[in-house]
Colleague: 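Handing you a structure now.
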Amino acid sequence: MAAPKATNINQWLDKATKQELREIVLKQAQTDDALYYELQNRFGDLSDKEKLSELRAYIRNIIGDNNDRGFIDYHNCITVCDVLDDITHKAAKTAPTENLSFAIQEVLMVIRSTIGFLERADDSSGCTTETMDFAFATLEKLSKTAATVLSDQQKTALIKSAVQVFNLKIFDDWDNFRYAIFEKTMPLISTNSLKLMERAAAKISDRYAHAAPKDSDFFDDVDFTDNYKDFQLNEIKAYNANLKSMCLITIGDFAAAKKVMAENITFNSVRKTAIDFYLSQKDFRTAEKLAVNGALSKNNNLDDQATWFDYLEKIYLQTKDYHKLAGVYKSRLLQPTWGSFNLDDYKKLKGVIQMHGDWQQAYPALLTEFSQKLTPTDYASILSFEKETTKLMAVVGKVPSLVSEHGKTLFKQFPDKVTTLYYKALVDQDIGNTRKRYRELGRTIRHYADYGDKGMARYWCQQLIKQYPRRSALIDEMQKAYDVID
C-alpha cells in the first residue's frame, strides 16, 4: 500500500469508533470472501484441519467464480493467481515461532489447486508459472526453517501431507511439479520419512507401468504410443533415482547416495546432483570427471550442455586451473548450436589468457579459428569488440545484412561502402503494403541517419515518396522520418 494511502487510512481509523468499525467489517465480510477468510484465519477458533478445509472451500469458490463453463480466461486466470499468490505471500511471512506446519500446508494447498485448473485456463500471461514458482520457492524456504524448529513428529506429519499431494492423479503428466514437492520439502525428511517418499515414488512408477497409453485413442500408430509410454517410464525412473540420491545425501548416508548415483549416472538430473554433492565435499577431481563426461554425452539438450560447462567453469575457478578454464570458454564459443554464442565468453577467454598466458601470441590463431568455425554474425561480434574494422568490413561485405548492426562502427572508416551496403541490403527492398512495414522502413532510414550521411537519408525518403506517389501511408511515414532527421 502506498504511504500516503496508509496515512489517510490510519487517520480515519483514529476517528472511528469500535462499533463503527465493527459495522463496516461485518457488512463487507459478508460479500468479500477474501476478508471473510482473513477474519476467520486470524480470529476464528478453528483447528488447523478446519482452517485447511475452509481454505480449500475458499479457493474452490474463487476458481468457480472466475470460470465460464469450466474454462478460465486470460483475465480471470490472473485474478485467480493473484488470490493464490496472496495466500502464499502470507504463508511466507510466517515467523519461526509461529505455526510453520500450517503455513506449509497452505502452500501445498496452493500448489494442488493451481495444478487442478492448469489445463483449463488461458495462461498466456504466464501467471500460473509465476504462481507455481513462488509457491515452490516459499515451500523450500519454509521447510528449511521448519527443519530447525519442529519436532521429528511434526516434520514426519508434514512429509505425510506432502506425500498425499504427491500421490494426486492431477499431477499425472505434470511430474516436474509432482517431484518438486518432495525436492522442496527435502529438509524435513528423516530415515523413517524417507521410506514414505520412496513408497510413494514407487507407486507412481507402477501406476504409469500399468496404465493404458493415453494417446492410443488419438494416434493410430501403436509403436508411437508404446514408445511414449517407455519415455514416460524412463522419465519417472530418472525422477525416482534423483529423488533417492537427494534424500540419502540429506540424511547423511553418503555411501548409499554414491552407490545410487553411480548406478543412475546416465540420467542428467542424477549427474547434476552428483556433481553438486562432490563439489560440496571438495572432491573436484570426481566432479570434473562427471562434468566432462556429461559434456561429451550425446544425451544432452542445449540447457544440459550449458550446465556442464557452467560446472566446469566453477570447478576450474576453484582449482585455479586457468588453462582448462580457457578451454571451457573457447568450447562454449564453438558450440555448434544455434543461439548459443555469448560474447561474454570471448571476453572471459581473453581475460584469462591475458592474466595467465600470452594473449599477443594466442590472439591471431584464435581469430583465424573463429573465422573458420563461427557464423559470420558471431565472428563479426568479436571483430567489432576488438575494433578489427578492416576484417569486419570484409565480413559485412560478404553478408550485407550485418550492416544494420555494425554500420555505425564502420561508417567513419568506410562511409561509401557502408552507405551503399545499407541502401541495398535494408532500404532498396520489398517495401510491402502495410503501414507497419512503412514505419519499420522509416525507422531503418532514421537509424542510418543517426550516424551516417543525413543528406543521403533524406534523399532516400524523397525517392520513396516520388516512387510511390499513390501510397498515402508510405508518404506519411517517409515524411515523418524526413522531418526528424536533423
Side-chain angles (χ1 to χ4, degrees), residues 1-68 72-114 116-117 121-146 149:
M1 181 181 295
K5 193 172 183 180
T7 300
N8 288 338
I9 293 174
N10 280 321
Q11 290 175 351
W12 299 334
L13 290 175
D14 289 340
K15 297 177 182 179
T17 66
K18 183 177 180 180
Q19 182 59 33
E20 287 172 332
L21 290 176
R22 178 184 293 275
E23 291 174 359
I24 291 173
V25 172
L26 178 61
K27 182 179 179 180
Q28 187 68 23
Q30 292 182 61
T31 57
D32 187 334
D33 287 342
L35 178 57
Y36 177 82
Y37 174 72
E38 182 69 16
L39 290 171
Q40 176 183 260
N41 204 33
R42 284 177 175 265
F43 309 115
D45 188 18
L46 301 177
S47 67
D48 285 355
K49 184 177 181 180
E50 290 171 325
K51 287 181 180 179
L52 283 173
S53 179
E54 290 295 326
L55 175 60
R56 184 183 296 108
Y58 169 57
I59 294 174
R60 188 184 301 118
N61 288 338
I62 293 295
I63 295 173
D65 292 342
N66 286 277
N67 78 79
D68 181 14
I72 303 175
D73 66 21
Y74 177 90
H75 294 290
N76 285 331
C77 186
I78 294 174
T79 299
V80 172
C81 286
D82 284 345
V83 172
L84 296 174
D85 288 343
D86 186 53
I87 295 169
T88 302
H89 180 69
K90 290 174 182 176
K93 295 194 297 183
T94 304
T97 55
E98 297 176 330
N99 194 344
L100 284 170
S101 292
F102 182 71
I104 291 174
Q105 296 271 21
E106 285 183 301
V107 178
L108 288 172
M109 183 69 71
V110 168
I111 292 170
R112 66 183 291 178
S113 299
T114 307
F117 70 80
D122 180 353
D123 182 39
S124 53
S125 68
C127 59
T128 58
T129 300
E130 293 176 0
T131 292
M132 293 294 280
D133 288 345
F134 181 35
F136 278 120
T138 302
L139 182 61
E140 182 176 30
K141 173 191 169 186
L142 291 172
S143 295
K144 288 179 178 178
T145 303
V149 297

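Residue numbers count from 1 along this sequence. What's counted below: heavy atoms across the whole structure, side chains too, no hydrogens, waters or symmetry copies.
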Colleague: May I ask you to check whether over 12 heavy atoms, not counting those of Arg22, lie within 6.0 Å of atom CZ?
Modeller: no

Colleague: Would you say the side-chain atoms of Asn10 pair up with the backbone N or O of Ala6, donor to acceptor, closer than 3.5 Å?
Modeller: yes

Colleague: Could you measure the distance from the OH atom of Tyr58 to the CG atom of Leu52? Nearest 0.5 Å is fine.
Modeller: 15.0 Å

Colleague: The criterion is side chain to side chain donor-acceptor pair (under 3.5 Å); which residues satisfy it with Lys141, sequence neighbours excluded?
Modeller: none

Colleague: Does the side chain of Thr88 reach to within under 4.5 Å of the side chain of Leu84, using non-hydrogen atoms?
Modeller: no

Colleague: More than 12 non-hydrogen atoms from neighbouring residues, nucleotides or ligands closer than 6.0 Å to NZ on Lys144, yes or no?
Modeller: no

Colleague: Look up atom CG in Asp86 and atom SG in Cys81, then write down how far apart they are to the nearest 0.5 Å.
Modeller: 12.5 Å

Colleague: Say you draw a straight line from CD of Glu54 to CD1 of Ile59; how long is it, rounded to the nearest 0.5 Å?
Modeller: 12.0 Å

Colleague: Can you list, pair by pair, the side-chain donor-acceptor contacts under 3.5 Å of residues 124-136, counting residues two or more places apart and other chains?
Modeller:
{"from": "Ser124", "atom 1": "OG", "to": "Asp122", "atom 2": "OD1", "distance (Å)": "2.8"}
{"from": "Ser125", "atom 1": "OG", "to": "Cys127", "atom 2": "N", "distance (Å)": "3.2"}
{"from": "Thr128", "atom 1": "OG1", "to": "Asp123", "atom 2": "OD1", "distance (Å)": "2.8"}
{"from": "Thr128", "atom 1": "OG1", "to": "Asp123", "atom 2": "OD2", "distance (Å)": "2.6"}
{"from": "Thr131", "atom 1": "OG1", "to": "Asp85", "atom 2": "OD1", "distance (Å)": "3.0"}
{"from": "Thr131", "atom 1": "OG1", "to": "Cys127", "atom 2": "O", "distance (Å)": "3.0"}

Colleague: Calculate, to the nearest 0.5 Å, the distance between atoms CG and CG belonging to Asn67 and Asn76 respectively.
Modeller: 8.0 Å

Colleague: Take Ile72 and Ile63 through the side-chain contact (heavy atoms from CB on, under 4.5 Å) test and state the conclusion after the steps.
Modeller: CA-CA 8 Å; Ile72 303 175; Ile63 295 173; 3.9 Å; yes

Colleague: What pairs of residues pass the side chain to side chain donor-acceptor pair (under 3.5 Å) test when at least one of them lies in residues 96-113, not counting sequence neighbours?
Modeller: Tyr37-Glu106, Asp48-Asn99, Gln105-Ser161

Colleague: Any donor and acceptor pair, going by atom type alone, linking the side chain of Asn66 with main-chain N or O of Ile62 inside 3.5 Å?
Modeller: yes

Colleague: To the nearest 0.5 angstrom, please state how far the NZ atom of Lys90 sits from the OG1 atom of Thr138.
Modeller: 14.0 Å

Colleague: Measure across Pro96 and Val149 and return the closest heavy-atom pair with its distance rounded to 0.1 Å.
Modeller: O-CG2, 4.0 Å

Colleague: Do Thr94 and Thr145 have side chains that approach each other closer than 4.5 Å (heavy atoms only, starting at C-beta)?
Modeller: no

Colleague: Testing the basics here: between Ala91 and Leu142, what is the closest heavy-atom pair and its distance to 0.1 Å?
Modeller: O-CD2, 3.6 Å

Colleague: Could you measure the distance from the CG atom of Leu13 to the CG atom of Asn8? Nearest 0.5 Å is fine.
Modeller: 11.0 Å

